[in-house]
Amino acid sequence: MSADKDVKNIVAPMENATIATEQKAEQIVDPWNVQGAVVDGKQMGIDYDRLIESFGTRAIDEAVLQRMETLTGRKPHALLRRGVFFSHRELNRILDRYEQKKPFYLYTGRGPSSDSMHLGHMIPFLFCQYLQDVFDCPLVIQLTDDEKFLFKPNLKLEECIRFSRQNAKDIIACGFNPEKTFIFSNLEHVGGAFYHNVVRISRCITYSQSKSTFGFNDSDNVGKSHFVSIQAAPSFSNTFPAIFGDRSDIPCLIPCAIDQDPYFRLTRDVAHKLKYPKPALIHAKFFPALQGPGTKMSASVDSSAIFMTDTQAQIKNKINRHAFSGGGATMELHKEHGGKPEEDIPFQYLSFFLDDDEEINRIEKEYRAGTLSTGDLKKRCIEVLQKFVGDFQARKAAVTEEVLDHYFTPRSMGVDLSAK
């Protein structure tokens with residue numbers, strides 16, 4: 001049974017679905033809103049097991065991790081080992097192709113709404129860089145500047161285009177292979193074969209489906225309901241003739257946050273109608289805001305986020321002043337009862353950016369026991385984030401306009417198109 005058929009046994013058909021709103025626990029997860037349940041006045045974390053159940057996806061288990069390690073000869077990325085990427089749709093089909101030496105590609109994206117990206121934006125790109133490295137495959141990165149213009153009335157079109165160029169520099173600084181990575185702005189690139197697929201997809205999705213899937217109403221502009229066709233198009237290989245020629249049978253793997261899954265559920269439905277391979281997906285948990293685990297870091301709220309442009313002093317100040325603590329209210333209570341790393345934002349950030357499993361396990365054990373103080377935990381978090389952001393800023397400074405133009409140029413990537 002396919003993953004999509006599993007979905008229909010658990011949630012309503014796409015025409016009548018409401019996305020990711022967990023009514024029982026008042027949990028809200030959709031492409032624009034993320035909020036954990038509020039129980040007895042307390043903000044709770046996101047219940048990811050319930051999302052797996054309601055979305056009809058599959059958990060990434062130890063068998064999947066072991067298979068990846070066996071096939072690639074590489075230890076799985078820390079974001080996989082620690083369950084940050086926790087759910088998937090047909091990941092094993094991509095692993096089958098890798099084992100059979102058949103081509104596939106990676107597809108991810110970024111909605112550029114400001115000059116600077118924050119730590120949360122880094123997660124899918126860091127993971128994509130790892131996947132590209134171990135699989136040695138092409139990667140396409142869609143900059144949805146058109147979406148930001150349609151969904152954010154305060155933005156001007158010229159700003160969205162400028163944000164795309166700036167954000168692309170951030171993305172390049174993550175270390176992608178320049179010969180196997182194509183970055184494109186929708187506002188600048190969509191046309192030709194790309195637009196051919198957009199209209200094919202558009203004819204397969206009714207206005208009623210788009211409204212019910214995404215919650216649009218009659219006051220929303222028509223571009224919002226149409227945008228799903230544009231985000232879906234890169235899922236199909238013949239959208240990129242410079243890379244794949246006229247091949248329409250090469251599948252992709254899409255690493256994304258779980259809130260983007262509704263877009264690709266529709267895409268997978270459309271793929272069946274167009275006789276294209278369905279995209280496979282691998283889903284990430286949300287990178288929490290400084291204020292707590294039931295929230296999502298936001299580029300529009302400065303105190304909620306560590307930005308990739310922040311200075312060392314700003315990082316230190318934000319962690320010390322704004323990072324939610326899972327420690328005891330007093331030193332005495334902390335020593336007596338210990339801390340709660342699952343609620344502690346500095347610990348959560350370390351679990352994303354500190355690769356050393358032994359150190360992470362020691363920190364968690366000592367914090368739970370109350371022998372590691374909140375202050376010392378914050379200090380270690382600050383050290384790790386300052387190094388990560390500082391190293392990133394140095395790499396970004398080396399990204400010239402010429403380098404940027406190279407990544408934005410459609411080109412052949414040496415894919416063996418003879419392999420079926």
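Annotation: the span from Ile243 atom CD1 to Arg411 atom CZ amounts to 7.5 Å, rounded to 0.5 Å. Taking CD1 of Ile360 as the start and CZ of Phe353 as the end, the distance is 11.5 Å to the nearest 0.5 Å. Expressed to the nearest 0.5 Å, how far CG of Leu143 lies from CZ of Arg110 amounts to 8.5 Å. A distance of 4.5 Å separates CG of Asn197 from CG of Asn238, quoted to the nearest 0.5 Å. Taken to the nearest 0.5 Å, the CG atom of Leu155 stands 8.5 Å off from the CZ atom of Phe149. Atom CD of Gln166 and atom CG of Asp170 lie 8.0 Å apart (nearest 0.5 Å).
With contacts defined as side-chain heavy-atom distances shorter than 4.5 Å, the pair Phe236/Ser248 does not qualify. Using a 4.5 Å heavy-atom cutoff, the side chains of Glu62 and Leu65 are in contact. Side-chain contact between Ile183 and Ile172: present, with at least one pair of heavy atoms (C-beta onward) separated by less than 4.5 Å. Put simply, the side chain of Leu80 reaches to within 4.5 Å of the side chain of Phe127, judged on heavy atoms. Within the 4.5 Å cutoff, the side chain of Ser87 has no heavy atoms near those of the Leu51 side chain. Annotation: side chain of Cys256 is not in contact with side chain of Asp261 (no heavy-atom distance under 4.5 Å). Side-chain atoms of Leu119 and Phe352, non-hydrogen and from C-beta on, never get closer than 4.5 Å to each other. Within the 4.5 Å cutoff, side-chain heavy atoms of Leu404 are placed close to those of Arg165.
No salt bridge links Asp416 with Lys101; every basic N to acidic carboxylate O contact stays at or beyond 4.0 Å. A salt bridge links Glu364 with Arg368: the distance from a Lys NZ or Arg NE/NH1/NH2 to an Asp or Glu carboxylate oxygen falls below 4.0 Å. The pair Asp355-Arg82 fails the salt-bridge criterion, with no side-chain N (NZ, NE, NH1 or NH2) lying under 4.0 Å from an Asp/Glu carboxylate O. Between Lys75 and Asp357, at least one side-chain nitrogen of the basic residue sits less than 4.0 Å from a carboxylate oxygen of the acidic one, meeting the salt-bridge criterion. Ionic pairing of Arg67 and Asp96 is present here: one or more N-O contacts between side-chain nitrogen and carboxylate oxygen are shorter than 4.0 angstrom. Ion pairing between a basic and an acidic side chain is recognised when a charged N comes within 4.0 Å of a carboxylate O; Asp133 and Arg74 show such pairing. The residues Glu401 and Lys169 are annotated as salt-bridged, a charged nitrogen and a carboxylate oxygen being separated by less than 4.0 angstrom. Ion pair Arg380/Asp376 not flagged as a salt bridge, since none of the NZ, NE, NH1 or NH2 atoms sits closer than 4.0 Å to an Asp/Glu carboxylate oxygen.
Judged by distance alone, the side chain of Thr267 and the main-chain N or O of Ala232 form no donor-acceptor pair under 3.5 Å. In this structure a side-chain-to-backbone donor-acceptor pair under 3.5 Å is missing from His283 to Ile258. Of the possible donor and acceptor atoms, one in the side chain of Gln132 sits under 3.5 Å from a partner among the backbone N and O of Lys180. The backbone N or O of Lys278 sits less than 3.5 Å from a side-chain atom of Arg93, completing a donor-acceptor pair. The main-chain N or O of His118 is found under 3.5 Å from a side-chain atom of His121 such that the two form a donor-acceptor pair. A donor-acceptor contact shorter than 3.5 Å links the side chain of His406 to the backbone of Pro178. The closest donor-acceptor contact from the side chain of Arg89 to the backbone of Thr57 lies at 3.5 Å or more, if one exists at all. Not a single donor-acceptor pair under 3.5 Å links the side chain of Glu90 to the backbone N or O of Leu281. Here the side chain of Asp145 pairs a donor or acceptor atom with the backbone of Leu187 at under 3.5 angstrom. Remark: the backbone N or O of Leu139 is not paired with any side-chain donor or acceptor of Thr181 at under 3.5 angstrom.
Enclosure of atom NZ in Lys316 is not indicated, since only 12 or fewer non-hydrogen atoms of other residues, nucleotides or ligands lie within 6.0 angstrom. More than 12 non-hydrogen atoms from other residues, nucleotides or ligands lie less than 6.0 angstrom from CD of Gln100. Atom CZ of Arg203 has 12 or fewer heavy atoms from other residues, nucleotides or ligands within 6.0 Å. Few gaps surround OH on Tyr98; more than 12 heavy atoms of other groups in view lie less than 6.0 Å from it.
Taking all atoms of both residues into account, the shortest heavy-atom contact from Ile230 to Phe194 is O-CZ, 4.0 Å. When all heavy atoms of Pro255 and Phe85 are compared, the closest pair comes out as CB-CE2, 4.2 Å. Across all non-hydrogen atoms, the minimal contact from Thr108 to Cys128 is CG2-SG, 3.7 Å. Annotation for Val399 and Val403: closest pair CG1-CG1, 4.1 Å, computed over non-hydrogen atoms. Nearest heavy-atom pair, Leu150 versus Gly223, reported as atom, atom and distance to 0.1 Å: CD1-O, 3.6 Å. In this structure, Gly111 and Thr144 approach most closely via the heavy-atom pair CA-OG1, 3.2 Å.
By the 30° and 60° cut-offs, the orientation of the rings of Tyr263 relative to Phe214 is tilted.
Tested against Asp344, the residues Tyr349, Phe324, Tyr367 include a single side chain to side chain contact (heavy atoms under 4.5 Å, CB included) partner, Tyr367.
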- Test Phe104 against Cys137 for side chain to side chain contact (heavy atoms under 4.5 Å, CB included), laying out the working first. CA-CA 7 Å; Phe104 62 91; Cys137 64; 4.0 Å; yes
- Message: Run the side chain to side chain contact (heavy atoms under 4.5 Å, CB included) test on Lys148 and Phe163 for me, step by step, so that the C-alpha distance in whole Å, both residues' side-chain angles and the decisive distance to 0.1 Å come before the verdict.
- Response: CA-CA 10 Å; Lys148 291 306 174 186; Phe163 292 156; over 6 Å; no
- Task: Take Asn186 and Phe227, measure what side chain to side chain contact (heavy atoms under 4.5 Å, CB included) needs, and give me the verdict at the end.
- Result: CA-CA 11 Å; Asn186 282 347; Phe227 177 72; 4.0 Å; yes
- Message: Applying ring-ring contact (aromatic ring centres under 6.0 Å, His included) to Tyr105 and Phe244, what does each step give before you reach the verdict?
- Response: CA-CA 10 Å; Tyr105 65 104; Phe244 303 110; 4.8 Å; yes
- Message: Evaluate Phe184 against Phe240 for ring-ring contact (aromatic ring centres under 6.0 Å, His included), listing each step before the verdict.
- Response: CA-CA 11 Å; Phe184 61 96; Phe240 304 102; 5.7 Å; yes
- Message: Run the side chain to side chain donor-acceptor pair (under 3.5 Å) test on Ser210 and Ser225 for me, step by step, so that the C-alpha distance in whole Å, both residues' side-chain angles and the decisive distance to 0.1 Å come before the verdict.
- Response: CA-CA 5 Å; Ser210 190; Ser225 57; 4.6 Å; no
- Query: Can His189 and Tyr195 be said to form a side chain to side chain contact (heavy atoms under 4.5 Å, CB included), step by step?
  - Reply: CA-CA 10 Å; His189 176 71; Tyr195 192 66; over 6 Å; no
